Amino acid sequence: MGVNLREIIPPEAVAEIDLAALRYKVVAIDAYNALYQFLTAIRQPDGTPLMDSRGRVTSHLSGLFYRTINLAEHGIKVVYVFDGKPPEMKYMEIERRKQVKAEAVKKYEEAVKRGDQEAARRYAQMAARLTDEMVRDAKRLLDAMGIPYVQAPAEGEAQAAFMARRGDAWAAASQDYDSLLFGSPRLVRNLAITGRRKLPRKNVYVEVKPELIELDKLLKLLGITREQLIALGILIGTDYNPDGIKGIGPKTALKMVKAHRDPVKLLQGLPRHELQVDPLKIYEYFLNPPATSDYKLEWREPDEKKVYEILVEEHDFSPDRVKNALERLKKAYREHFRGRQMGLDAWLRR
DNA sequence: CTGACTTA
DNA sequence: TAAGTCAGG
């Protein structure tokens, strides 16, 4: 999922931050990334997600609702950015993911048969798929909550980066690093409240704090340009060439991009048979991806009735819990958002 | 993942 | 008040 820069990011480039550091800042959240995380994480020990009485999955709504309210209580102005149509060159990867999920479904069923809860949960997570209906419900819920969302023409991460570059957002938020390649000046990872995360395959929880990666700082520390970072990503693998270049790991890739002042020349010189997609096409895409400026960011007063309809009446959420959370959301709106619509940047540019 | 409740 | 457990839908 996304370009794996983890191994080449120097620890000094990552700053642990407090949610208070994001107060009154606009954060463009990769909606698909967030919803998918809720969908995989919010499950029973045997892997069953939360569902309403008609069997429709509701894990994503639960996560979206409560987390968004938490962020609002911290005065953080979140905007969710939804994926549009992926570029043609992503179809290979999309097909591959479908295969992986189909395999996971089989393994899940086998695990259930032999009563292996842990495996069942693991494979259920792997098999999880975000449906159009889930996305529609998520958008309806955000609308009712008075939280803005933007429909990207293509990749959500590209749209979030575009918004951050223009100053409409302070940072992009996602677990993936792609927004950095797309040029977002800042990336926030681990944007959650309770910082507990279970280590894969272990029964151990570790504290995970939100972290901030600044693009300029990262590039300086690596001693490369954004263009070289994109080339680096292509060498180690992106969603558009998942395998990267055989035999080139993060370290070699960094050396290679440093050795070439012009990343285009480097990419042109790659062995053609190693690549399913023209590396220059990928390079151009990261450098200048489709994005729209046709959006308006407004944090409106929550429509309690609508939220109640969606969560309680349609999806069997507990009335008490929803009412309680709505009170918190209304209070957050009054305290942080009402009469504070424009960020400083937008105000200066008015 | 998060809220609500329990425990020390 | 902090840390732990469990259910939520």
Side-chain angles (χ1 to χ4, degrees), chain A residues 1 17-20 22 27 29-76 78 80 117-118 120-131 133-138 140-142 144-145 147 173-176 188-211 302 304 306-332:
Chain A
M1 298 292 258
I17 56 167
D18 225 75
L19 288 173
L22 299 177
V27 179
I29 302 181
D30 177 359
Y32 186 93
N33 189 269
L35 293 178
Y36 188 78
Q37 276 190 75
F38 296 140
L39 192 58
T40 53
I42 306 177
R43 278 164 194 271
Q44 291 170 309
D46 67 356
T48 314
L50 300 187
M51 287 183 294
D52 64 22
S53 57
R54 292 173 54 188
R56 293 173 300 195
V57 173
T58 56
S59 296
H60 60 302
L61 295 178
S62 178
L64 183 66
F65 184 56
Y66 294 115
R67 178 176 293 179
T68 302
I69 291 173
N70 272 325
L71 297 176
E73 282 185 310
H74 281 85
I76 303 170
V78 301
Y80 285 88
Q117 269 214 354
E118 209 184 291
R121 184 183 165 109
R122 205 163 55 242
Y123 291 123
Q125 285 176 309
M126 278 196 220
R129 240 166 35 86
L130 208 54
T131 65
E133 187 183 11
M134 291 179 194
V135 171
R136 274 201 303 276
D137 272 352
R140 285 175 59 220
L141 178 59
L142 289 172
M145 292 174 74
I147 303 295
S174 176
Q175 290 308 98
D176 293 345
V188 175
R189 301 184 68 245
N190 307 333
L191 185 62
I193 308 305
T194 64
R196 265 162 48 97
R197 186 156 310 167
K198 190 170 174 291
L199 259 41
R201 314 220 45 170
K202 285 183 203 149
N203 239 340
V204 180
Y205 287 85
V206 287
E207 272 290 319
V208 187
K209 287 203 83 182
E211 54 188 44
E304 292 176 82
K306 265 193 202 150
V307 171
Y308 194 88
E309 276 170 18
I310 295 168
L311 294 181
V312 179
E313 289 168 19
E314 283 180 42
H315 293 296
D316 306 316
F317 277 57
S318 146
D320 282 354
R321 278 193 177 211
V322 170
K323 278 181 206 156
N324 222 313
L326 274 171
E327 286 308 314
R328 290 169 50 206
L329 179 60
K330 278 197 296 183
K331 182 155 177 265

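Throughout, a chain's letter reflects where its sequence line sits, starting with A, and its residues are numbered from 1. Values in this document were obtained by computation on a predicted structure and should not be read as measured data.
By the 4.0 Å N-to-carboxylate-O rule, Arg136(A) lies too far from Glu133(A) to be salt-bridged with it.
The main-chain N or O of Ser59(A) is never found under 3.5 Å from a side-chain atom of Arg43(A) such that the two would form a donor-acceptor pair.
Closest approach to the Thr58(A) side chain among dT2(B), dA4(B), dG9(C) is made by dG9(C) (side chain taken as heavy atoms from C-beta onward).
dG9(C) atom P lies 15 Å from atom CD of Glu313(A), rounded to whole Å. Straight-line distance from the CG atom of Leu326(A) to the P atom of dG3(B): 13 Å, rounded to whole Å. Rounded to whole angstrom, the span from the NE2 atom of His74(A) across to the P atom of dT2(B) amounts to 11 Å. Between the CZ atom of Phe38(A) and the C1' atom of dT2(B) there is a distance of 9 Å, rounded to whole Å. Atom-to-atom, CD1 of Ile193(A) to P of dA3(C) comes out at 17 Å; the value is rounded to the nearest Å. Distance Leu311(A) CG to dG3(B) C1': 15 Å, rounded to the nearest Å. Between the CG atom of Leu35(A) and the P atom of dT2(B) there is a distance of 13 Å, given to the nearest Å. We find that CZ of Arg121(A) is positioned 14 Å from P of dC6(C), with the value rounded to whole Å.
Arg328(A) comes within 4.0 angstrom of sugar-phosphate atoms only, judged by non-hydrogen atoms across all strands, and of no base. Backbone-only contact: Ser318(A) has heavy atoms under 4.0 Å from sugar-phosphate atoms and none from a base.
Phosphate contact (OP1/OP2 of dG3(B), side-chain N/O of Arg321(A), threshold under 4.0 Å): absent. For dG3(B), the OP1/OP2 oxygens have a side-chain nitrogen or oxygen of Asn70(A) closer than 4.0 Å.
Partner of Leu191(A) under the side-chain contact (heavy atoms from CB on, under 4.5 Å) criterion, out of Asn70(A), Ile17(A), Leu19(A): Leu19(A) alone.
For the 3.5 Å distance criterion, the side chains of Asp316(A) and Ser53(A) qualify, holding a donor opposite an acceptor.
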